[in-house]
Q: 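If you scroll down you'll find the structure; I have some questions about it.
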Amino acid sequence: MTSGPSQAPTSPTQPSIRRLVVRLLLMVTAAFAFGWAMVPFYDVLCKVTGLNGKTPGFQAGGLAGAAPAPSAIDRTRTVTVEFTGTVMPGLPWDMRPLTASLDLHPGELQQVKYLVRNTSDRTIVGQAIPSVSPGQAAQHFQKLDCFCFRQQTLAPGEAREMPLTFIVKPEIDRDIRQITLSYAFYNIEEPRREAR
Amino acid sequence: MDIATHHPAQHHAAHPTGVLRWLTTTNHKDIGTLYLSFALVMFFVGGLMILAVRAELFQPGLQLMQPDFFNQLIGVHALVMIFAALMPAATGFANWMIPLMIGAPDMALPRLNNWGFWLLPPAAFLLTLPFLLALFGIGSGAIDTGWTFYAPLSIQGGMGIDFAIFAVHLLGISSIMGSINIIATIFNLRAPGMTLMKMPLFAWGWLITAFLLIATIPVLAGAVTMLLTDRHFGTHFFQAAGGGDPILFQHLFWFFGHPEVYILLLPVWGLIPHILSAFSRKPIYGYKAQVWSFAAIGILSVIVWAHHFFTAGLPVPALIYFMFSTMSISLPLAVLFFCWIATMWRGAMSFETPMLFATGFIVLFGIAGLTGLILADVAADAQYHHSYFVVAHFHYALFAGGIMGVMAGVYYWLPKWTGRRYSETLGKWHFWLTVVSFNLTFMPQFFLGLAGMPRRIPDYALQFAEFNAISTVGAFILGVSQLLFAWNAIRCMGGKGQPAEARAWEGARGLEWELPSPPPHHTWEIQPEVK
């Protein structure tokens, strides 16, 4: 490379371009890293605020940090909990809650059951993913035991009642009078696909 | 970093000719021409796709195609128009005009520039290849999720989605290289005396755009990479069954997707004031206000993304935040509109084709802005979301605000680029046909959306038949009218038409008009002094 004849940009231009390009490339890297950092950040944000309707007990093994039956039952008010469920495409199962709706006092220990049936002629492993609506209620919806804590295996044609034991904590906002708990049941072919 | 060490104006005495010249060129004018020609070709490719869609929608029922092919057409139409037509057109303008306007001999990183362009044709090929493969029975066709790649639909789809993911990677790399080049050029190669606040508004618009690209394209690249690993490597970023969250994809996508709107529009907002000033024979009104508005819009654009999925179930405080932050963008935008109108105010106006397009742009883009305010309203959006109202809104923004602005710029600078005057008669025909048929196409879509017609469906209820028929007729007139534009531009490129003088428009200001038309292959080797 030879230096050009009477060209305009003065000599300090070159190193300054190089410095600038390095900085800009760093910005690109930072933006890329920011995108990936959003994944754990989003997870933490949802855990803290319950924004995406995930309940605190929703962890493999269950009971994570769950205080057992609190002493105080708030009998001054009633909360209605509605139960629903969806079987996702690819899972030939039927599911329905045996209790469609339940009136309870915050702090009361309750148990409900879902009836789940494998309508196919093969053994299938499924995983239920819960979601609580409104999202603000999620962090006060405490599951003590849930069929969603484990993967469920159903033999061909097998039907099973799957239990859920829970408490709506008394700390729940007084404005929330109705909570909907919804399950989405997924086909889990590989056993390693476990819910976090 | 080898590239940076080469002298920008370094060139060999003997240029390769023919295809090799275009493959190896590092000249900003050549590369600008490549970008603009590529954009024009892809504009027609994307246009043909959507004409097929409009033909299907001419009547209710399925006449021409099955829903899966329909879904592929709408998704690829959007990706082609955004990434392969409008963005390359804007980069073509940057390549041609920024060095001429700021008195630089070339772009700061000429070889990177060449590479940036030549990534585009393979990317466009990747995007459309699945169509051809499907003809031979390989795969199920191109991406069929719409351009937004929403998970979990995109996790389940066929290999067209993988092709689109890789195409987006390539297009993203190309845009980032283009942006780095533009920033390096603007920061280092301005003519002596040209401070940042004396720089032409077009360069300012592109400077903000380039920073937005650098901040957001990598996030999109990350998001589609996560999608790829979810599809093939057993990760669960967006799979609820494995503890992931599909809504996360929407956040990541729109963190890129909303600034992308301004990435497409800021270069146009930069060039429109030059045209208004030239044909009003007045200086640009409110230069500083416009610069600060560009910057404000650039910053606001990255903090408003969630208004694209108000109905996905966000908590109320988030809804309120995103509603008000989105609406606040209308303040700097109103400043821009005010400055544009004030530039024309009491000017000695004449309406040659660039001015027709620029004024048409103001009116139609204003409709885009006002309907955007309606969509930004959380309460109202529940009705309009995913309806044809949204389709009409963003076509007013991106066709009238984007493509018509680009066309204004093409007509304005075509005499400079080619040294020839385009046919003013054809240009005026092109404008009036475009503006009438554009409204004929998209105005009925507002009414369709209000009446409840959802977007992205190949069939619809009978009650929507009339407006859809009108819209289809408009779309075909609109499509055919663009042939006038292509013919007019190609005629000039072929050396036909009246020769243009250096200052092709009597009211035009700026360094680019000091150069002959067409400018020699190398310009501003001695940089001008700006006082």
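Numbers restart at 1 for each chain; the letters A, B, ... are given by sequence-line order, proteins then strands. FYI, side chains are in, hydrogens and waters are out, and symmetry mates aren't considered; it's all heavy atoms of this structure.
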Q: Among all residues two or more places apart in sequence or in another chain, which pass the side chain to side chain contact (heavy atoms under 4.5 Å, CB included) test with A:A184?
A: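 Checked A:A184 against side chain to side chain contact (heavy atoms under 4.5 Å, CB included); matches are A:M88, A:Y186.
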
Q: With a 4.5 angstrom heavy-atom cut-off, is it the side chain or the backbone of B:I176 that approaches chain A, or both, or neither?
A: side chain

Q: Indicate yes or no: does A:D145 engage A:R150 in a salt bridge with an N to O separation below 4.0 Å.
A: yes

Q: Is A:R160 paired with A:E158 through a side-chain N to carboxylate O contact shorter than 4.0 Å?
A: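 Salt bridge flag = yes for A:R160 with A:E158.
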
Q: Side chain, backbone, both or neither: which part of A:L20 has an atom under 4.5 Å from a heavy atom of chain B?
A: side chain

Q: Using a cut-off of under 4.5 Å on heavy-atom pairs, state which of B:A191, B:P218, B:A210 scores highest against chain A.
A: B:P218

Q: As an exercise, state the distance from CD1 of A:I73 to CG of A:L109, rounded to the nearest 0.5 Å.
A: 8.5 Å

Q: Given side chains that start at C-beta, do those of A:Q178 and A:E82 come closer than 4.5 Å, heavy atoms only?
A: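 Yes - at least one pair of side-chain heavy atoms lies under 4.5 Å apart.
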
Q: Name the member of B:T185, B:I183, B:I180, B:L248 that forms the most heavy-atom pairs with chain A at distances under 4.5 Å.
A: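 Among the listed options, the one with the most contacts to chain A is B:L248.
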
Q: Using heavy-atom distances under 4.5 Å, tell me whether B:F256 contacts chain A through its side chain, its backbone, both, or neither.
A: neither

Q: In terms of side-chain heavy atoms, does B:D230 have a donor or acceptor partner in B:T235 at a distance below 3.5 Å?
A: yes

Q: Given that the side chain runs from C-beta out, which part of B:A221 has a heavy atom under 4.5 Å from chain A: side chain, backbone, both or neither?
A: both

Q: Heavy-atom pairs under 4.5 Å with chain A are the metric here; pick the option from B:L252, B:L220, B:I217 that has the most.
A: B:L252

